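I have placed the structure first, in the form of structure tokens, so that the comments after it can refer back to it.
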Protein chains: 2
Amino acid sequence: MTATTRLWCEYALLPDGLAEHATIDIVDGRIDAIEVGTPRHPDGHRRSGLTIPGAANAHSHAFHRALRHRSQLGRGSFWTWREQMYAIAAALDPDTYHRLARAVFAEMVLAGYTTVGEFHYVHHTPGGRPYADPNAMADALTEAAADTGIRLTLLDTVYLHGGLGGDGYLPLSDRQRRFGDRSIDAWAERVSALPVDERRRVGAAIHSIRAVDPDAIAVVAGWAARRGAPLHAHVSEQPAENEQCLVTHGCTPVELLARHGAFDAAFTAVHATHLTERDITLLGEAGATVGLCPTTERDLGDGVGPARRLADAGVVLAIGSDSHAVIEPLEEARAIELDERLVRGERGCFTAADLFAATTAGHAALGWDDVGAIAVGQRADLVTMALDSPRTAGCSADSLVEAVVFAATSADVTHVMIDGRDIVEFGQHDRIDVAAELAAAIAEVVE
Amino acid sequence: MTATTRLWCEYALLPDGLAEHATIDIVDGRIDAIEVGTPRHPDGHRRSGLTIPGAANAHSHAFHRALRHRSQLGRGSFWTWREQMYAIAAALDPDTYHRLARAVFAEMVLAGYTTVGEFHYVHHTPGGRPYADPNAMADALTEAAADTGIRLTLLDTVYLHGGLGGDGYLPLSDRQRRFGDRSIDAWAERVSALPVDERRRVGAAIHSIRAVDPDAIAVVAGWAARRGAPLHAHVSEQPAENEQCLVTHGCTPVELLARHGAFDAAFTAVHATHLTERDITLLGEAGATVGLCPTTERDLGDGVGPARRLADAGVVLAIGSDSHAVIEPLEEARAIELDERLVRGERGCFTAADLFAATTAGHAALGWDDVGAIAVGQRADLVTMALDSPRTAGCSADSLVEAVVFAATSADVTHVMIDGRDIVEFGQHDRIDVAAELAAAIAEVVE
């Protein structure tokens, strides 16, 4: 038996632009037909406002959400922040991580994210010994995503070394031990056992060139390429990483990754803040994606990445909320443009359409080619934004896409549908009390 | 007869820090007593969440709100944006401006602003002739503020010239003509006729050194100093202004203003983005305030101002929403820190308490010395933020001030009291349908 739903949208953002009065028929979770300019259908569920494709969160570490408040105390840098982050990681077990990730993924859904790429490296017990089920933590994340309705790509992360020092790779510290598999082969064996289904895919991640040596880069890149799985890596978030890479390997992180086969897979460089012109060219030639995380990059003082130059070189731009300093897809999107304006002193470096495209590009970068557009045949991931809030009111049809991308927030999300299923209605998750679960789950893991 | 109200706040931000279970007694619009750590009073109105002092919007051009959507179309710079802004200014009359400002001021109240400094320069008819009542536009703004409950300082702005060219000051353009009084004496005569009361004060503003010559600077500075009225000026928002000033006057805008007496008044430099070290020292020695407008400065590609160096020099930092690209006091506050992090690569340049202080510093800079703190004797301007939204949930008492300043938005404002009067309850303005009035008022003035 087929499940059919008809939506009637006041405005909808289609691949070729804004449409008024769009009727969208959804059959078995996919868009079956779109008709524009129709008077209201009596059997269509009305969606007032602007309906846009669901956003993809290309880069998440779910447990960082517990740092949102406490990490703002005191002074420091990326590196002192990292110590606070390790303390939270140390407190997780499969049960607490399930509850925390469930609340965080539900916050993402409320904000309009319909797919998340979870860059997952808290694999083992705090001492580094595998759990009885070596994928217990991955399963906790998978269950959390299923609970909330969000689509998951588990980016299972290789993390073998504690950093790069003057003499090469350092051993894992006590705090890092649970991130590491015994070897790259042990990583591959564990990850190959993870099942894939219609709602959860598995990709590979290289934590960074600080944590993964060239031989291991080659193994994980080969693993991803053979399976057609996405491959992600943190790249050049901080200048210190570039300096360490230059000392040890005589090249940049992008060059090192390229040299050892990362571009054989569908590759996403996360952050990519401090790049050379040659790095930008290499990423463009590879058809790579860059996962920008502007609210995190502001929060951690990483700097402003070369977004416009990357796009000009042919790189696809996607967004991620990463540390979850905030979970606001449109704030990530507009920050790409606004931070570029601060650097260039020019407006309109990206159009609103470009910025919307960055909110959906992550679906493909996470291995979902049939998500991210309101078009026939695509999975029905639809987010409706109110145009009558104090933030969005006053926009006219010729610039309402601009109004939403530059001024709307998660508070303006009224409805979220994922795979044809209504998950959020009138700003409420259909089964989860998000704030209450966030409070309870975070209290379990903070000291 | 006295009017007495008792609030019982779950948390309140007092001058010496966070207090739990604060009972606040309000008599005739002022805080009469504060008791901390009391169990719930049966006769106290409960305020769940964090109650903070009302924010001051130190720099507003109300009509710019109509640009929020359309100004994001196309490319350009500050200077092309200014042409769009002039087109809106040309469409205003006392009636349309009353309706537009009323909606915009109400949006400010919903977001937690309780005082606004309106930097007002659309004085006359489009051709430049005064209205029958020469202060008709000022009165429209005053009435708008009174309608919404927000406290107003009308910063009546001197705007005599069309810019600075190679040969000195240029005449007003057609679009600028309505901004200009016949002479600086005509400005003084008109402004001196504006009445002052307990809810509306009058200050002076120098549009910029592009629009006001040195002799006129001296007159307006003397006017403000004699009356104890605040004096504001746009200063060094764009490098081009500095270059023009150097060519014509051989000094920076701050130096020019200092030389002609601006510091004799209580002075606020708005933006102050492109300063020399000497400018910073001068502003610090004068005990001046700088009105930072970070969301506008991002939007217009102005650049990142030297906020930390200004504070170190003794300058008071305040915030303004200026062009109203967004109206989010906490976004302004956190942007001060986040943009400084991008420049410095360091976190914690300002504490959360510093950033909160910037949200309230504008009250004094607008001439209201008894507003901006939850303390006995102060006017009762109290804003309550929800701690149980998806954005704020999960914070604990030791860092909830940080959670709110770094992650809360206008959507988390539940209650706003101004001068002891409840204006916003559960997120709704007590008399104005803000979104509907914004939509209607903006439609009247856009083409």
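Every chain is numbered from 1 and lettered A, B, ... according to where its sequence line falls, protein lines coming before strand lines. What you are looking at is a predicted structure, and each value in this text was computed from that prediction instead of being measured.
- Taking the side chain as every heavy atom from C-beta outward, A:E331 and B:E331 approach each other to under 4.5 Å.
- For chain A, the nearby part of B:R65 is the side chain; its heavy atoms alone come within less than 4.5 Å.
- Formation of a donor-acceptor pair under 3.5 Å by the A:R68 side chain with backbone atoms of B:A393 is not found in this model.
- Here the CZ-CG distance, from A:R391 to B:L110, works out to 9.0 Å after rounding to the nearest 0.5 Å.
- Looking at A:A325, only its backbone comes within 4.5 Å of chain B, counting heavy atoms on both sides.
- Contact count versus chain A (heavy atoms, under 4.5 Å) is highest, among B:A403, B:C349, B:G394, B:A435, for B:G394.
- Only the backbone of B:D398 comes within less than 4.5 Å of a heavy atom of chain A; no side-chain atom from C-beta onward does.
- Comparing A:G303, A:A106, A:G76, A:A386 by heavy-atom pairs within less than 4.5 Å of chain B, the highest count is held by A:G76.
- With rounding to the nearest 0.5 angstrom, the OG1 atom of A:T296 is 10.5 Å from the CG atom of B:L338.
- Using a 4.5 Å cut-off between heavy atoms, B:S71 touches chain A through backbone and side chain atoms alike.
- Contact of A:I442 with chain B is made through the side chain alone, with heavy-atom distances under 4.5 Å.
- With a 4.5 angstrom heavy-atom cutoff, A:E297 touches chain B only via backbone atoms.
- Each of B:C395, B:G345, B:A439 has some count of heavy-atom pairs under 4.5 Å with chain A, and the biggest count is that of B:C395.
- Only the side chain of A:V326 comes within contact range of chain B, with heavy atoms under 4.5 Å apart.
- Of the listed residues (A:R347, A:R341, A:E346), just one forms a side chain to side chain contact (heavy atoms under 4.5 Å, CB included) with B:L300, and that residue is A:R347.
- Interface remark: B:R70 contributes backbone and side-chain atoms alike to the contact with chain A (heavy atom separation under 4.5 Å).
- Note on B:D299, B:L73, B:T351: by heavy-atom pairs under 4.5 Å with chain A, the leading option is B:D299.
- A:S396 places a side-chain heavy atom less than 4.5 Å from the side chain of B:H69.
- Among the candidates A:F78, A:W79, A:W81, the residue making the largest number of heavy-atom pairs closer than 4.5 Å to chain B is A:W81.
- Contacts between A:E328 and chain B at a heavy-atom distance below 4.5 Å involve the side chain alone, from C-beta outward.
- The choice from A:A407, A:A111, A:A441, A:A436 that makes the most heavy-atom pairs within less than 4.5 Å of chain B is A:A407.
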